[in-house]
2 protein chains.
Amino acid sequence: MSERVRPRQERQERRTAHRTEPPPPVTLHTVAAAAGVSPATASRALNGTARVREELRGRVLAAAAELGYIPNAHAQALASASNNTVGVICHDVSDPYFAAIASGVMRAAADQELLVMLASTFRDQGREIAYVSMLRAQRARAILLIGSGIEDRGWERALDAELAPYTRAGGRVAVVSRHRSLRVDTVLPENRAGAAALARALLALGHREFAVLAGPPELTTVADRLAGFRSALAAAGVPLPAGRIVRGAFTRDGGHAAALELLAQGPPPTCVFAVTDVMAVGALAALRERGLRVPDDVSLAGFDDIPLVRELTPPLTTVALPLHRMGHSAITLALREPRTARSRVERIPAEVVLRASTGRPHN
Amino acid sequence: MSERVRPRQERQERRTAHRTEPPPPVTLHTVAAAAGVSPATASRALNGTARVREELRGRVLAAAAELGYIPNAHAQALASASNNTVGVICHDVSDPYFAAIASGVMRAAADQELLVMLASTFRDQGREIAYVSMLRAQRARAILLIGSGIEDRGWERALDAELAPYTRAGGRVAVVSRHRSLRVDTVLPENRAGAAALARALLALGHREFAVLAGPPELTTVADRLAGFRSALAAAGVPLPAGRIVRGAFTRDGGHAAALELLAQGPPPTCVFAVTDVMAVGALAALRERGLRVPDDVSLAGFDDIPLVRELTPPLTTVALPLHRMGHSAITLALREPRTARSRVERIPAEVVLRASTGRPHN
DNA sequence: ATGTTAGCAGAAAGCGCTTTCTGAAAGCGG
DNA sequence: CCGCTTTCAGAAAGCGCTTTCTGCTAACAT
């Protein structure tokens with residue numbers, strides 16, 4: 001037996017020798033030794049995975065508390081091939097839309113003693129894939145992708161290449177508000193139906209001239225909302241000329257710019273639909289800058305019902321989504337047992353909320 | 001040698017045997033075998049921790065890519081006693097104040113290839129401590145506590161009891177916007193100075209009758225802002241009667257309720273200062289409900305400059321804090337090398353931003 | 001008394017990596 | 001041509017846990 005083969009005991013003692021610099025880490029071994037039991041028993045006592053005589057159990061628990069023992073999650077994960085973390089990937093937590101969904105996720109996670117790893121992609125596709133990979137490395141129980149997917153074949157394929165082995169290895173994946181090109185559990189708002197219902201409500205107010213401030217066309221959410229809105233207008237025989245669909249980034253400033261662009265094209269329509277509330281916020285500012293009153297000159301509506309739109313003047317008409325609940329649903333869906341073969345889709349109803357930003361058109 | 005002692009090789013082979021159910025996990029061993037090298041070499045090649053002959057290096061990398069190898073972060077963390085995760089604890093990500101700070105953290109983390117575990121306490125002290133404990137178990141490189149601390153001896157002590165062993169074991173801790181009762185790195189807004197500057201600006205507008213919508217008195221942020229505001233008034237010989245300080249929860253609705261309470265007490269002051277923008281939002285709504293025009297009847301100011309207050313009508317006068325940068329600073333501060341003995345405090349300047357919600361008092 | 005069975009605790013084998021440590025081969029000066 | 005240092009790859013120990021597996025003891029039936 002060569003010199004370097006030293007039994008664990010010896011190492012343990014060496015550590016315990018008084019050196020002020022590195023404090024001796026408290027491991028299960030330490031606890032077990034202090035309680036006068038084997039590590040196996042200590043583990044069982046601490047986790048309640050098997051019956052342990054009451055007396056020993058008490059000694060272990062006391063020793064653990066005494067020593068301030070904190071189990072090493074990595075060792076646990078490694079040994080038991082399971083852990084209690086989930087990953088959430090979104091574009092930016094400071095966007096109220098994601099923040100609300102994320103909050104729902106965190107709430108659900110807290111109830112289940114899960115730790116959430118949250119990653120922001122800042123709308124960088126490469127970063128999204130990198131994060132999936134990192135979460136795979138962490139052996140996260142589930143990965144949640146939140147936010148509109150882009151219709152980009154190459155990207156979808158790359159993402160799928162990351163996700164497929166993960167699910168095959170037992171990982172759970174759910175997407176929120178993202179079209180289901182990925183064959184995973186999906187929480188999908190009724191974007192089409194919601195936008196259509198909004199269109200009908202606006203038609204009912206008397207509007208016949210519309211414009212849509214749309215996000216990037218490759219975002220599936222945009223496409224769905226636009227399609228729903230347009231089809232409801234079409235059903236009423238109201239045209240939506242191509243020039244009345246203005247694209248902008250999916251941000252406050254994107255909505256602002258799009259609205260300005262619309263106004264530059266000539267006399268405004270009587271009603272503007274911004275496909276997200278965040279864009280609507282920018283649009284409202286732009287309309288005002290151009291001296292237009294809402295809703296007297298132009299009615300404005302959004303989609304999502306993020307909390308802040310209620311505080312605007314006038315409060316924004318929008319299509320409400322239960323954002324908090326969506327986050328909650330996503331994690332529940334992903335972690336449900338038993339794991340079903342087919343992926344499930346949970347459709348989230350969207351409800352039109354008429355507020356003061358829309359009114360009858362002035363003629 | 002008993003039957004159960006089987007060398008790794010054998011297990012490996014057994015696994016590879018074709019069973020459709022559990023796909024054989026790709027480990028470093030697999031990769032090494034495929035590349036015809038030892039696991040040690042594969043590890044070195046993959047991580048670049050030591051020189052490896054170019055040819056072998058290529059074979060390893062190729063094999064890893066081919067097999068879709070993803071290292072097990074838990075095993076890595078366990079073996080190397082280090083990992084790339086940081087923990088962030090805040091009250092609620094859906095609060096724009098925290099969301100903005102968190103976003104700054106995520107940005108910095110992304111640049112450093114760190115994974116962020118984000119936990120929301122929902123203002124539950126017990127939960128906060130539980131999360132610290134969980135993050136300790138995860139051996140997070142750093143723990144960031146974001147948000148106003150409560151002056152509660154018992155709680156502080158409990159938190160400190162969790163944090164002290166953590167830092168002693170090499171963990172980094174930083175707090176943001178939280179008083180430094182904890183002896184850790186701190187990112188601290190100039191709450192006092194900011195509130196004082198705001199008070200002076202409001203005095204300069206001609207106001208002499210003020211009210212403050214304050215959050216819970218035990219929040220240090222509240223205490224500081226209130227103190228700063230009050231001292232500036234005192235310096236100008238302007239009184240701030242106790243009755244004009246109304247407490248409310250640190251939320252939109254808290255601000256709303258506090259404002260209503262204030263108005264119920266009699267004729268309103270000419271100027272109201274809400275200690276946070278979130279509360280100001282609620283206050284604005286309340287003032288309006290009571291038929292008061294802002295700023296014509298009452299001027300209103302907040303603190304923080306969260307993005308949404310710019311969208312209000314009228315846009316809110318406030319004291320701006322570089323929220324994004326604060327998040328960034330916190331993580332930078334915590335992870336800076338070398339670890340200095342003394343904890344550092346980074347003071348964040350607060351700047352008064354006058355917007356349309358404040359004006360000269362009408363007499 | 002003997003043979004079972006059940007209940008519990010300990011030994012030890014790993015989980016999938018990193019990192020010594022060891023040794024072989026190659027490079028060097030004298 | 002020999003002893004020396006360097007370089008680089010493999011063996012193996014070990015990170016801190018969980019989880020068989022084994023075996024002891026006590027409890028029960030026969």
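Computed from a predicted model, the values in this text were never measured in an experiment.
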Roughly how far apart are A/Arg178 CZ and A/Thr186 OG1, rounded to 0.5 Å? 10.0 Å

Between A/His29 (NE2) and D/dT18 (C1'), how many Å, whole number? 12 Å

Identify each donor-acceptor pair in which a side-chain atom of residues 42-56 of chain B lies under 3.5 Å from a protein atom, sequence neighbours left out, and give them as a table.
{"unit_1": "B/Ser43", "atom_1": "OG", "unit_2": "B/Asn47", "atom_2": "ND2", "d": "3.4"}
{"unit_1": "B/Asn47", "atom_1": "ND2", "unit_2": "B/Ser43", "atom_2": "O", "d": "3.1"}
{"unit_1": "B/Arg53", "atom_1": "NH1", "unit_2": "B/Glu55", "atom_2": "OE1", "d": "3.1"}
{"unit_1": "B/Glu55", "atom_1": "OE2", "unit_2": "B/Arg59", "atom_2": "NH1", "d": "2.8"}

Closest to the B/Leu28 side chain, choosing from C/dG16, D/dC17, C/dT18: C/dT18

Would you tell me whether A/Thr27 and A/Thr30 have side-chain atoms, one donor and one acceptor, within less than 3.5 Å of each other? yes

In chain order, what residues pass the side-chain hydrogen bond (donor to acceptor under 3.5 Å, both in side chains) check against A/Arg107, with sequence neighbours excluded? none

Output the distance between atom OG1 (B/Thr85) and atom CZ (B/Arg141), rounded to the nearest 0.5 Å. 8.5 Å

5' precedence on DNA chain D between B/Arg139 and B/Leu56 (nearest-nucleotide basis): B/Leu56

Which donor-acceptor pairs under 3.5 Å do side chains of residues 153-160 of chain B form with protein atoms, sequence neighbours excluded?
{"unit_1": "B/Glu156", "atom_1": "OE1", "unit_2": "B/Ser181", "atom_2": "OG", "d": "2.7"}

Here the gap from A/Leu144 atom CG to A/Met117 atom CE, rounded to the nearest 0.5 Å, amounts to 13.0 Å

Using whole Å, what does the distance between atom C1' of nucleotide C/dG7 and atom CD of A/Glu54 come to? 15 Å

Under 4.0 Å: is that the gap between some side-chain N or O of B/Arg51 and OP1 or OP2 of D/dT7? no

For the pair made of CZ in B/Arg53 and P in C/dA24, what is the distance, rounded to whole Å? 17 Å

Residue-level proximity of residues 35-49 of chain B to DNA chain C when a heavy atom falls under 4.0 Å: B/Ala40, B/Ser43, B/Arg44, B/Asn47

Rounded to whole angstroms, how far apart are CG on A/Asn83 and P on D/dG16? 19 Å

Test side-chain hydrogen bond (donor to acceptor under 3.5 Å, both in side chains) applied to A/Glu66 - qualifying residues, sequence neighbours left out: none

Of all of residues 65-79 of chain B, which get a heavy atom below 4.0 angstrom from DNA chain D, listed by number? B/Leu78, B/Ala79

